[in-house]
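Remarks on the structure that follows.
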There are 6 protein chains.
Amino acid sequence: MKISARNQIKGTVSKIEKGATTSHVSIEIAGGVIVMAAITNEAVAELGLKDGEAVYAVIKASDVMVGVA
Amino acid sequence: MKISARNQIKGTVSKIEKGATTSHVSIEIAGGVIVMAAITNEAVAELGLKDGEAVYAVIKASDVMVGVA
Amino acid sequence: MKISARNQIKGTVSKIEKGATTSHVSIEIAGGVIVMAAITNEAVAELGLKDGEAVYAVIKASDVMVGVA
Amino acid sequence: MKISARNQIKGTVSKIEKGATTSHVSIEIAGGVIVMAAITNEAVAELGLKDGEAVYAVIKASDVMVGVA
Amino acid sequence: MKISARNQIKGTVSKIEKGATTSHVSIEIAGGVIVMAAITNEAVAELGLKDGEAVYAVIKASDVMVGVA
Amino acid sequence: MKISARNQIKGTVSKIEKGATTSHVSIEIAGGVIVMAAITNEAVAELGLKDGEAVYAVIKASDVMVGVA
């Protein structure tokens, strides 16, 4: 499925931390930067996510804020 | 200000497209990956954003989805 | 691409209203219910959206609230 | 209370899965489509949600993405 | 309609700025604090919003971040 | 870090409820109004949050809805 979200960043699963209903998935993208996603445990199972898996971090433009140091 | 959002990714402003109330800001992060943010025109002015500016793309973990090709 | 968002609802584009940077896309789903999406103009162009197009309304579970009359 | 969110879809609670702080509420809408909401346990208690309850799935237009198969 | 969003803060409309598809609504809450909402122009019309109107700023807990100076 | 989110509301932590991966942080703002934030347990630890801590409730304008009684 192609999707309207503007940001679809290639990466690899580096860690999965499971909670009661939500899992935190760490995705390593270019330059060794880690992006963390919080998704449901069902999604982890359904997508068959595991360490080393090639994935995309998918983020809507309206969910990205800009910070200035 | 330190903030709870898990993702604070270093980058540089590469393009700013202004709309009636919302601007689309393209941020180049490591590896030449472009992240697009949709923020208010007031925020662009207040943060003094311009091409080449060093910024952070700030994203909550709960706003990051995972996609598998 | 398979995606972690829990809600992927089949429908058809019934209307597209274009703004300066954002478009409002009305999607007719089962039972004639209309779901409105606000996405970037780039996404409308990139996905080649037009009236009658078969699409999915994709929504994260954490973005769905529950109301009781 | 009337609310600005563009999507207020009629349905019935079909399942409630409780986590440590967050519950996953499945809502059956027209055509037997299931929409999943992730809301706080307090909200489930306060709204008195239980299977069979008539509810609305309330979603902002900016939280709806569009996917094309 | 009662809604699952945890934050329903009483206030008064102090300004409405209309864009092509989105309006910025400033809401004055207790202590003179201003909260800004970005909602669709349809919502402004449908809710009949105007300066001085008694409203609620409605925000999901998962959309509130915490900052420390 | 200065951030694009339009709403940065001063307050004090009044309660922290920890779940498996997510914590609910109650923030008392002007007028005794309580704003609830749902953030990751890592964020609570990293920001060193505890009762009585001076903080900001940070909220994007696009995440604020408007309700009318």
Side-chain angles (χ1 to χ4, degrees), chain B, chain F:
Chain B
M1 176 164 63
K2 284 173 66 184
I3 193 157
S4 57
R6 289 300 70 200
N7 302 297
Q8 302 178 24
I9 307 169
K10 253 189 191 173
T12 312
V13 173
S14 61
K15 188 169 70 167
I16 299 176
E17 261 183 291
K18 238 179 126 187
T21 54
T22 306
S23 290
H24 288 172
V25 180
S26 298
I27 301 170
E28 186 170 336
I29 63 173
V33 172
I34 300 291
V35 174
M36 186 195 279
I39 63 175
T40 62
N41 295 345
E42 291 86 4
V44 173
E46 200 180 285
L47 294 176
L49 297 183
K50 54 186 178 317
D51 281 13
E53 183 88 16
V55 295
Y56 290 87
V58 179
I59 310 153
K60 290 185 298 150
S62 59
D63 284 335
V64 180
M65 292 164 280
V66 180
V68 173
Chain F
M1 175 165 62
K2 282 172 69 185
I3 194 157
S4 56
R6 291 298 72 199
N7 301 299
Q8 302 178 25
I9 307 170
K10 252 190 190 172
T12 313
V13 174
S14 61
K15 188 169 69 167
I16 300 176
E17 260 183 294
K18 240 179 124 186
T21 54
T22 306
S23 290
H24 287 173
V25 180
S26 297
I27 301 170
E28 186 170 337
I29 63 173
V33 174
I34 300 291
V35 173
M36 187 195 277
I39 64 175
T40 62
N41 295 345
E42 292 86 1
V44 172
E46 200 180 285
L47 295 177
L49 297 184
K50 52 187 181 316
D51 282 13
E53 184 89 15
V55 295
Y56 291 86
V58 179
I59 309 153
K60 289 184 298 149
S62 58
D63 284 336
V64 180
M65 291 163 280
V66 180
V68 173

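The model shown is predicted, which means the values in this text are computed figures rather than measured ones. Chain naming here is simple, since letters A, B, ... match the order of the sequence lines and numbering starts at 1 in each.
Of the two parts of F:Leu49, neither the backbone nor the side chain holds a non-hydrogen atom closer than 4.5 Å to a non-hydrogen atom of chain B.
Under the side chain to side chain donor-acceptor pair (under 3.5 Å) criterion, the residue pairs touching residues 27-47 of chain B are B:Ser23-B:Asn41, B:Thr40-B:Glu42, B:Glu46-F:Arg6, with sequence neighbours excluded.
Between F:Ala43 and B:Ser4, the shortest heavy-atom contact is CB-O, 3.5 Å. Contact detail for F:Ile3 and B:Ile3: the closest heavy-atom pair is CD1-CD1, 3.7 Å.
Looking at B:Ile39 and F:Lys60, their side chains never come closer than 4.5 Å, going by heavy atoms from C-beta outward.
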